[in-house]
There are 2 protein chains.
Amino acid sequence: MTITIKDVAKLANVAPSTVSRVIANNPRISKATAQKVKKAMEQLGYHPNLNARNLASQSTQTIGLVMPSSGDVVFQNPFFPTVLQGISEGAHEKQYAMHITTGKTDKEILDAVTRMVQGKSVDGVILLNSKVEDQVISYLKGREFPFVLIGKPYKDVEEITHVDNDNFRAMKEATEYLIQHGHSQIAFIGGSLELTVTVERLLGFERALRNAKIPLKNEYIIHEEFLREGGQEAVRELMSLEERPTALVVADDFMALGVLNMLDELGIKVPEDISIVSFNNVLLAEMSKPPLTSVDINIFDLGYQASKSLIQMIENSKEPTKRIIIAHKLVERLSCAEPIK
Amino acid sequence: MTITIKDVAKLANVAPSTVSRVIANNPRISKATAQKVKKAMEQLGYHPNLNARNLASQSTQTIGLVMPSSGDVVFQNPFFPTVLQGISEGAHEKQYAMHITTGKTDKEILDAVTRMVQGKSVDGVILLNSKVEDQVISYLKGREFPFVLIGKPYKDVEEITHVDNDNFRAMKEATEYLIQHGHSQIAFIGGSLELTVTVERLLGFERALRNAKIPLKNEYIIHEEFLREGGQEAVRELMSLEERPTALVVADDFMALGVLNMLDELGIKVPEDISIVSFNNVLLAEMSKPPLTSVDINIFDLGYQASKSLIQMIENSKEPTKRIIIAHKLVERLSCAEPIK
DNA sequence: TTGTACGCGTTATCAT
DNA sequence: ATGATAACGCGTACAA
């Protein structure tokens, strides 16, 4: 009942193969027949069967997306819709479709990836969750299957194509910004050290302090889950220190929102009593009280470049630049001020 | 070079069709050969080619997801990651994969849907954006292609399978909650009237007031884009009314955050000077200042039920219940209090 | 219970 | 420039 290439061929009085060529925009086909065929396709409302095409051509025009375990709280982060937009845009430009996988456990995820890779459902994969000892990465590398990682790989940095920010520099600059505004008691609030972002940013933080000859204090460094309660306690402790920080760098806007609340509860005013610079610059940053000075890491572009590179890998089968760095930019709002003497 | 069903057959000393049967768990196959074949598959690391399977069986085990135009600000709403989780879970349980489409314009979206439907890439579709005069819906209905809508259709409510909240009742209850707490000057802040949710909620709001014999005031009803600036102005106007409201119902947590800020700027305290009930109960609601009393609409379940129903439609080809209502629940936090006399 | 043979809708390789 | 024809890898009706 579905109309195939043969029906079109019959109507246009040509061979099926000719129709196929017209679809593929094969150059050596006469204008005349091309028109004739196109008209027939139009008339019949023909649409190619993608499964048949994929089977014959040994390639789908599809990229696979691997999301983090859906259990993760990170999932709630506006980060994801935004990268997705970027990826989608890059894919769309090259007429690629998107296949998406999630899973509650790491095993589920690996299984899903295996199915879609071996099942030949996709030509390449984008990973949104760079974890320590990532099985998916090992698997993909082992099969030499095209993939790009958003974020920084925990190892084999030289071999894995990835798109990332220069988190070291971004955090260094953010810290320097505070130093330039007269702060010297600056604390760091970041997520789990298992995430490479956290490590990079912490290093950038430390470097900035060292450059400015400001001594590092362990009590000024806090690691908590990006979201939720854990952080609250930590902030409370931090603020009850004898020598309380006058400024905070926070690794994520969402987290900063939590910090903001805690501070409010403690009766500490931002930016009067304490300054805050946070990261990501999602919509939230401009809606908080006060609006957050935040480092824009260009989430959309992270996704966009990822899909561009992946498609390039797939099509040219020549590796693109292994490492793609997306620019960042400090967006000043109202959460910073000079420290009180 | 890829290993096929034939390789497995050869190794197991059976016919390809036998292998196929084993994969399909065909009952009439001897335990013995089943084991033999499975072992061979294991040994060779066999994975079925999904394209070939789809082509032969005329069915993919895949559901399509249609996201709203990526240009929309709504996209930033944590709503989406969460429905996606729900959908994914439902799909996973039945071993379905997910194909996702976005687009910047309505036309792009329609094209993408057409390609994936006619291209036989999916067995059914879930729509995440019920718009007025939705072309995608018309298209899908026209082809009698299985689909379910998350939200309420703008028309043909009886014919379109959809999963939704009882937004009328939810808002009615939220309003009654405020009335019970002694409020009678209650304002409504909602999104565009083109969204059926808004309409439903507005009606629920009005009904609650009418039931309580509280006169409706036009100045107390505001429609603005769910997010961003538009709302700010509106709130300012609202609060400068001679008879200022003592309570607000807001259609979305994100929006409520903006309202909260505006109120703060105006020096109006929540909940002392004004109470707020908002909707959706995303993570944000518990992180704002003060934490928001919000109606939990069970976003995850919205997605979960949607995929369950869709798969049922696909497999039984008998229509499931046309209308599936997900329960809601008011979650009390700290944004409400008795009005000051 | 198992094997044979054909079809699913395209693309690609040869011819012409 | 176009037409036959053989894959692509799997499901399935029919036969055995």
Side-chain angles (χ1 to χ4, degrees), chain A residues 1-38 40-41 44-62 95 97 115-123 315, chain B residues 1-38 40-41 44-62 97 115-123:
Chain A
M1 193 44 245
T2 51
I3 48 144
T4 80
I5 214 172
K6 287 179 188 167
D7 302 317
V8 178
K10 209 165 293 171
L11 181 61
N13 265 323
V14 293
S17 47
T18 303
V19 178
S20 177
R21 285 193 258 268
V22 172
I23 295 171
N25 269 322
N26 192 314
R28 47 186 192 187
I29 207 93
S30 80
K31 287 276 181 205
T33 46
Q35 282 310 322
K36 197 170 53 178
V37 170
K38 276 179 185 166
M41 297 197 316
L44 295 174
Y46 167 78
H47 278 261
N49 181 315
L50 300 179
N51 292 308
R53 169 181 295 182
N54 295 344
L55 183 58
S57 68
Q58 300 280 46
S59 91
T60 69
Q61 284 244 115
T62 308
Q95 306 262 50
R115 252 199 311 277
M116 90 180 165
V117 168
Q118 316 250 33
K120 304 226 186 310
S121 299
V122 300
D123 294 338
E315 297 191 339
Chain B
M1 192 49 246
T2 51
I3 47 146
T4 79
I5 214 173
K6 287 181 188 167
D7 302 316
V8 178
K10 209 165 292 173
L11 181 62
N13 266 324
V14 294
S17 54
T18 304
V19 178
S20 177
R21 290 191 181 100
V22 172
I23 295 171
N25 270 323
N26 191 315
R28 48 188 192 186
I29 208 92
S30 80
K31 285 277 182 206
T33 46
Q35 282 311 319
K36 197 170 53 179
V37 170
K38 276 180 184 166
M41 298 197 316
L44 295 174
Y46 168 78
H47 278 263
N49 181 314
L50 300 178
N51 292 308
R53 170 182 294 183
N54 295 344
L55 183 57
S57 68
Q58 301 282 44
S59 92
T60 67
Q61 284 245 116
T62 308
R115 252 200 312 280
M116 90 180 166
V117 169
Q118 316 251 30
K120 305 228 185 308
S121 299
V122 300
D123 293 340

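In what follows, chains carry the letters A, B, and so on, assigned in the order in which the sequence lines appear, proteins first and then strands, with residues in each chain numbered from 1. All values below come from the heavy atoms of this structure, side chains included, with hydrogens, waters and symmetry mates left out.
- Taking only side-chain nitrogens and oxygens, B:S30 comes nearer than 4.0 Å to OP1 or OP2 of C:dT2.
- OP1 or OP2 of D:dG9 sits under 4.0 Å from a side-chain N or O of A:Q58.
- At least one side-chain nitrogen or oxygen of A:T33 sits closer than 4.0 Å to the OP1 or OP2 atom of D:dT2.
- One distance of note links NZ of A:K10 with CG of A:L44; it measures 11.0 Å at 0.5 Å rounding.
- For the pair B:A52 and B:K31, both in contact range of DNA chain C, the more 5′-proximal nearest nucleotide belongs to B:K31.
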Under the criterion side-chain contact (heavy atoms from CB on, under 4.5 Å), I'd like the reasoning laid out for B:N49 against B:R53: C-alpha separation, chi angles, the key distance, then a yes or no.
CA-CA 6 Å; B:N49 181 314; B:R53 170 182 294 183; over 6 Å; no
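- The CG atom of A:N51 sits 20 Å away from the P atom of C:dG7 (whole-angstrom rounding).
- The distance between atom CE of B:M41 and atom P of D:dC10, rounded to the nearest whole Å, is 11 Å.
- The residue A:D7 sits apart from the nucleic acid: no heavy atom pair falls under 4.0 Å.
- In this structure, the CG atom of B:L44 is 15 Å from the C1' atom of D:dG9, given to the nearest Å.
- Using a 4.0 Å heavy-atom distance criterion, A:R53 is classed as a sugar-phosphate-only contact.
- Atom CZ of A:R21 and atom P of D:dA1 are 11 Å apart (whole Å).
- Remark on DNA chain D: of its neighbouring residues B:L55 and B:S17, the 5'-side contact belongs to B:L55, judged by nearest-heavy-atom nucleotide.
- Between B:T2 atom OG1 and A:Q58 atom CD the span is 6.0 Å, to the nearest 0.5 Å.
- Atom C1' of nucleotide C:dT10 and atom CD1 of A:I3 are separated by 14 Å, given to the nearest angstrom.
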Go through the steps for B:V22 and B:K38 under the test side-chain contact (heavy atoms from CB on, under 4.5 Å), then give the verdict.
CA-CA 8 Å; B:V22 172; B:K38 276 180 184 166; 4.1 Å; yes
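- Protein atom CD of A:Q118 is 15 Å distant from nucleotide atom C1' of D:dG9, rounded to whole Å.
- Following rounding to the nearest Å, A:N25 (CG) and C:dT11 (C1') show an atom-to-atom distance of 15 Å.
- Here B:T2 reaches the OP1 or OP2 of D:dG9: one of its side-chain N or O atoms lies under 4.0 Å away.
- Checking C:dT1, C:dT10, D:dG9 against the side-chain heavy atoms of B:R28 singles out C:dT1 as nearest.
- Summarising the geometry, the separation between CD1 on A:I29 and C1' on D:dG3 is reported as 10 Å, rounded to the nearest angstrom.
- Residue-level contact check: B:V19 touches neither bases nor backbone, having no heavy atom under 4.0 Å from any strand.
- Among the protein residues, B:P48 comes within range of the sugar-phosphate backbone only, with heavy atoms under 4.0 Å from sugar or phosphate atoms but none that close to a base.
- B:S20 comes within 4.0 angstrom of a nucleotide base, judged by non-hydrogen atoms across all strands.
- Rounding to the nearest 0.5 Å gives a distance of 8.5 Å between CZ of B:R115 and CG of A:L50.
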